[in-house]
Number of protein chains: 2
Amino acid sequence: MSRQMVRPGGRSARVQASVHDAVRALMSEVGRDALTVPLVAQRAGVTPSTIYRRWGDLKELLSDVAVERLRPDTAPRDQGDLSADLTAWAEQFLDEMASASGRAYIRDALLGDPVGRNAGQCSAYAAEQIDVILGRATERGEDTPDVETVVDRVVAPLMYRILFRPAGLDGTYARRLVAELLGTTDRDDR
Amino acid sequence: MSRQMVRPGGRSARVQASVHDAVRALMSEVGRDALTVPLVAQRAGVTPSTIYRRWGDLKELLSDVAVERLRPDTAPRDQGDLSADLTAWAEQFLDEMASASGRAYIRDALLGDPVGRNAGQCSAYAAEQIDVILGRATERGEDTPDVETVVDRVVAPLMYRILFRPAGLDGTYARRLVAELLGTTDRDDR
DNA sequence: CGACTAACGCAAACCCTTAGCTTTTGGTCG
DNA sequence: CGACCAAAAGCTAAGGGTTTGCGTTAGTCG
């Protein structure tokens, strides 16, 4: 999801694509900390001023790339029942996000984001995945919490600990969060 | 909590204090976005290279200052019972953290923090406050959840939404989180 | 009290950032 | 289809933030 979609066809689109590609390529070649706007520009075959004008800042460019990277590429697998689906999703979510690179992407997404658009997009991705899982469960006739409850009880604790307490996170924690949530869904909250 | 406490007495301490003071003063005078290392250095009566060597980066310096700013200055007020204590604390926490300046401080604390020391400190502050509240409740003979549960059920959802979905947050949400938590503390989780 | 060393000041080189101006390009209207 | 217009990219130079080596200062320890 890029900052601006003005003039979607033609040169603008090509420039944006090649800049994004350059960022991803250089990230794995020289590392995230060695990235600079002129370096990206050279690799993308563009002048630095173009990047500064379109993204304003290296932070904002990285934020854009990070959000793309954090977009889930496949729908969550159907494991047969809600508990298994949510558990598997939470474990995978934790795996991807708690890794060093995952945390870097999250921080990038949060960082160069004046209005919170990119951060909101990340949250929306998770909500979409959960919505698919809950929809399946509902079709099966299972009793399901709503998306916001899953966000509060599973996604938020995972993300909070990833950001503020990276130590000692593992699949056990993710599984427990799901178990505690599903053990109380018969209550009539909210 | 400063980055390094080597040689705590004498010049190092004075330099650190005057740099931190300069950051705080300039933040209110020229705004956070106008801060630069040379500007802070001049105000602090220090050369820029000193700041670069000790903090490495403007982000890391701001992260240090942000953590100081996020440290609670007083113990939570005693309102008579656990529900009232937790509710009042959660509302105040949301108030302070969800404001524009609060979010800026949180982001600063998270960003310039390679090893997660500052972020962990922020989390520890909240945990300390909650521990005081829970300790009082236990003394009264009330049935209390443990700190980690409160972090998962109240702090994490608040912080997640502050960071990823800043829109539409208010005291109602904070109160509901506490009410939902205390309505289920009789379960034997974990 | 004297040696040692971490930390700071100084200054120059580097290169990232910004801004004004020109040129190219893609959309649009006659 | 061709000409106009505005958006976006190229170019360049000035400004300033960042880095680094070296000399100096000031805590610390024997």
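Numbers restart at 1 for each chain; the letters A, B, ... are given by sequence-line order, proteins then strands. What's counted below: heavy atoms across the whole structure, side chains too, no hydrogens, waters or symmetry copies.
- When rounded to the nearest whole Å, the span between CZ of B/Arg14 and P of C/dG9 equals 11 Å.
- The side chain to side chain contact (heavy atoms under 4.5 Å, CB included) check on B/Ala66 picks up B/Tyr105, B/Asp108, B/Ala109, with sequence neighbours excluded.
- Summarising the geometry, the separation between CG on A/Leu61 and C1' on C/dC16 is reported as 15 Å, rounded to the nearest angstrom.
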Please report the C-alpha distance between B/Arg54 and B/Asp64 in whole Å, then the side-chain angles of each, then the deciding distance to 0.1 Å, and finally whether the salt bridge (charged side-chain N to carboxylate O under 4.0 Å, His left out) criterion is met. CA-CA 12 Å; B/Arg54 275 191 63 163; B/Asp64 275 1; over 6 Å; no
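- Look at CG on A/Asp57: it is 14 Å from P on C/dC16, rounded to the nearest Å.
- Spacing between atom CD1 of B/Ile51 and atom P of D/dT19 amounts to 13 Å, rounded to whole angstrom units.
- Salt-bridge formation is detected for the pair B/Arg161/A/Asp152: a Lys NZ or Arg NE/NH1/NH2 atom is positioned less than 4.0 Å from an Asp or Glu carboxylate oxygen.
- Legend: ring-ring contact (aromatic ring centres under 6.0 Å, His included) pairs involving residues 127-149 of chain A, not counting sequence neighbours: none detected.
- We find that A/Arg43 and A/Glu29 are joined by a salt bridge, their nearest charged nitrogen and carboxylate oxygen being less than 4.0 Å apart.
- One interatomic measurement links the two molecules: CD of A/Gln42 to P of C/dC15, which rounds to 12 Å at whole-angstrom precision.
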Taking protein heavy atoms under 4.0 Å as touching, what does nucleotides 10-17 of chain D look like 5' to 3' if B marks base contact, S marks sugar-phosphate-only contact and - marks none? BB-----S
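- Using a 4.5 Å heavy-atom cutoff, the side chains of A/Tyr160 and B/Ser123 are in contact.
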